[in-house]
Protein chains: 2
Amino acid sequence: MEDTLRSPNAMLSTVSVDCVIFGYFENMLSVLVRRESVPFNNQIIEEWKLPGNHVLRNEDINATAARILKEQTGLEGIYVKQFWVFSDPDRLKKRPQDYEWVKPRLKDDRVLTVGFYSLINIDSIDNTQLIEVAKWVNTNEVKELMFDHNEVFEEALKKLRYDLLHEPLVFELLPEKFTLTQMQKIYEAIFNTTYDKRNYRRKINKMPYLIPLNEIQTGVSHKPARLYSFDRNVYEKTRTERFDFRV
Amino acid sequence: MEDTLRSPNAMLSTVSVDCVIFGYFENMLSVLVRRESVPFNNQIIEEWKLPGNHVLRNEDINATAARILKEQTGLEGIYVKQFWVFSDPDRLKKRPQDYEWVKPRLKDDRVLTVGFYSLINIDSIDNTQLIEVAKWVNTNEVKELMFDHNEVFEEALKKLRYDLLHEPLVFELLPEKFTLTQMQKIYEAIFNTTYDKRNYRRKINKMPYLIPLNEIQTGVSHKPARLYSFDRNVYEKTRTERFDFRV
DNA sequence: ATAAAACAGTGTTTTATTTACACTAAGTAT
DNA sequence: ATACTTAGTGTAAATAAAACACTGTTTTAT
């Protein structure tokens with residue numbers, strides 16, 4: 001409501017974007033960033049957090065997400081999706097050791113953060129130029145993070161699972177050319193289950209945007225599988241609504 | 001990323017919540033608010049906008065949404081869901097006549113808004129205590145709104161349709177006790193289509209949370225229909241993930 | 001009392017989708 | 001040649017979806 005006189009109680013906030021970057025290589029992986037050590041109770045604690053940054057003056061939040069992706073991983077053209085706004089007034093105070101360290105820097109009331117998740121394809125992960133303090137970790141082995149970042153992470157994973165049930169986001173995690181087994185394994189990893197190979201293939205073969213190529217896998221020590229690709233144009237024609245995009 | 005030194009380019013923003021309030025009575029309806037008249041090019045223009053307000057210092061955005069609902073409609077305990085953050089740096093400038101009027105009041109860089117939609121049940125609409133400048137309008141007859149509010153409105157409607165395909169949100173639009181025909185008509189209005197009554201009933205009768213009552217409709221001048229209710233507890237048990245709540 | 005109007009409520013057949021289940025084929029390594 | 005590893009495929013049964021039309025109950029008008 002921009003047209004009322006500003007209430008003296010209106011919050012003045014910096015806004016940040018925190019990105020849960022998902023990739024798949026044998027397991028579901030996610031990028032965490034090591035923060036400078038935190039002194040707390042006379043101890044030095046090594047702390048990890050999600051990659052994130054402030055929204056800048058001339059940026060929309062999607063540009064912020066794109067910038068974070070570029071800075072942290074060196075990658076561009078990555079799938080990103082905003083999934084939730086974390087706005088608890090006390091969200092930075094949930095872990096006092098983090099808050100004590102941040103507090104002196106705060107000039108505004110709050111820091112509200114928009115949670116994004118992003119999906120990176122297998123091949124990119126090999127040549128990701130992660131910044132020095134970042135690393136890929138197994139999503140099952142995420143330890144305690146700063147602030148409310150565990151909550152952000154868990155919500156991202158929930159939302160990814162939910163979205164995958166309704167949209168073929170799995171292609172964002174796959175390389176340009178992939179095998180059906182690779183695709184199946186990603187679903188199995190995310191949903192922590194297994195599927196019957198024949199039924200799985202029967203089902204996905206009905207997707208008109210799944211294109212079989214006249215090419216086979218190389219570099220494997222067994223029968224090579226056929227490669228497939230994802231036709232984005234065909235997919236775009238089949239859907240009516242979008243709540244995501246590419247940065 | 002709250003732990004880096006604040007960039008001099010970090011945006012400082014007030015944050016607002018704009019609510020697209022949906023209800024159903026013969027048609028899909030939504031609440032619009034009339035703003036004080038706007039002088040532009042020496043004309044007085046009557047302007048409409050979505051109900052909204054600033055996020056206050058000690059509020060999270062969901063509390064803001066709850067407050068807006070209470071203030072504008074007098075209702076509490078309403079279903080609300082955040083669906084998108086509108087963060088275009090120029091979003092207030094899209095309609096210069098609006099921006100000219102707001103500009104002198106802005107002390108911060110931007111106003112970022114979180115879009116919510118909310119669902120109100122038929123019965124409440126009758127006794128909604130709308131504030132004087134607000135009115136229910138047919139969603140098909142929403143005219144030009146202030147700022148980017150037409151975009152917010154359209155995105156809300158898209159998101160509602162999308163969500164309805166995957167979750168039984170229709171119960172939020174229905175009264176405590178309702179007939180199957182009422183329910184069907186809401187779907188038909190939102191998706192602008194018609195369904196076969198027998199197939200529709202066969203389908204929804206498989207929902208375990210749809211409870212037939214030993215009561216029938218009253219006050220109708222034809223055969224009264226059986227009443228049903230929605231069992232929230234049964235529903236909660238059948239779902240795994242939530243991205244919405246009640247305020 | 002009877003008829004007309006308005007909506008409630010129900011079943012069958014066909015087609016498509018889902019599920020459960022196990023073997024053969026192709027390439028690689030030794 | 002053999003063993004190993006993963007690729008690739010079919011069928012039958014159960015379930016779900018889609019197409020389709022009439023009878024029953026209550027109210028209102030005459």
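Each chain gets a letter, A, B and so on, in the order its sequence line appears, and its residues count up from 1.
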Is the phosphate of D:dT6 approached by A:T181 (side-chain N or O, under 4.0 Å from OP1 or OP2)? no
Here the distance between atom C1' of C:dA6 and atom NZ of B:K197, to the nearest Å, is 11 Å
Could you identify which residues of residues 201-211 of chain A place a heavy atom less than 4.0 Å from some atom of DNA chain C, listed by residue number, or say none? A:R202, A:K206
Mark yes or no for a side-chain to base donor-acceptor pair under 3.5 Å between B:K223 and C:dG9, with no hydrogen or angle criteria applied. no
Indicate, with a heavy-atom threshold strictly under 4.0 Å, whether B:T179 touches base, sugar-phosphate, or nothing. nothing
Regarding B:N121 and B:Y79, do their side chains bring together a donor and an acceptor under 3.5 Å, going by distance alone? no
Heavy atoms, side chains only, cut-off 4.5 Å: are B:W48 and B:K135 in contact? yes
Could you say whether A:S221 or A:R198 is positioned toward the 5' end of DNA chain D, judged by the nucleotide with the nearest heavy atom to each? A:S221
In whole angstroms, how far is the P atom of C:dG27 from the NE2 atom of A:H222? 12 Å
Please report the interatomic distance CG(B:L145) to NZ(B:K49), rounded to the nearest 0.5 Å. 9.5 Å
Considering Watson-Crick and G-U wobble pairs with both distances under 3.5 Å, what does C:dC23 pair with? D:dG8
Test side-chain contact (heavy atoms from CB on, under 4.5 Å), reference A:E47, set A:M146, A:H149, A:E144, output is A:M146
Quickly work out the A:N199 CG to D:dG8 P distance and round it to whole Å. 17 Å
Do B:R202 and B:N199 get their side chains close enough for a donor-acceptor pair, meaning under 3.5 Å? yes
Can you tell me how far C1' of C:dA8 sits from CD of B:Q182, to the nearest Å? 13 Å
Could you state the interatomic distance from OG (B:S229) to CD (B:E176), rounded to the nearest 0.5 Å? 7.0 Å
CD of B:Q217 versus C1' of C:dC7: gap in Å, rounded? 9 Å
CZ of A:R226 versus P of C:dA26: gap in Å, rounded? 14 Å
In whole Å, what is the span from the OH atom of B:Y195 to the P atom of D:dA19? 13 Å
Who is the Watson-Crick or G-U wobble partner of D:dT30, with both distances under 3.5 Å? C:dA1
Name the closest nucleotide to the B:P224 side chain, picking from C:dT19, D:dT26, D:dA19. D:dT26
Looking at B:F25, I'd like to know if its CZ atom is crowded, meaning that more than 12 non-hydrogen atoms belonging to other residues, nucleotides or ligands lie closer than 6.0 Å. no
In whole angstrom, what separates A:Y200's OH from D:dG8's C1'? 15 Å
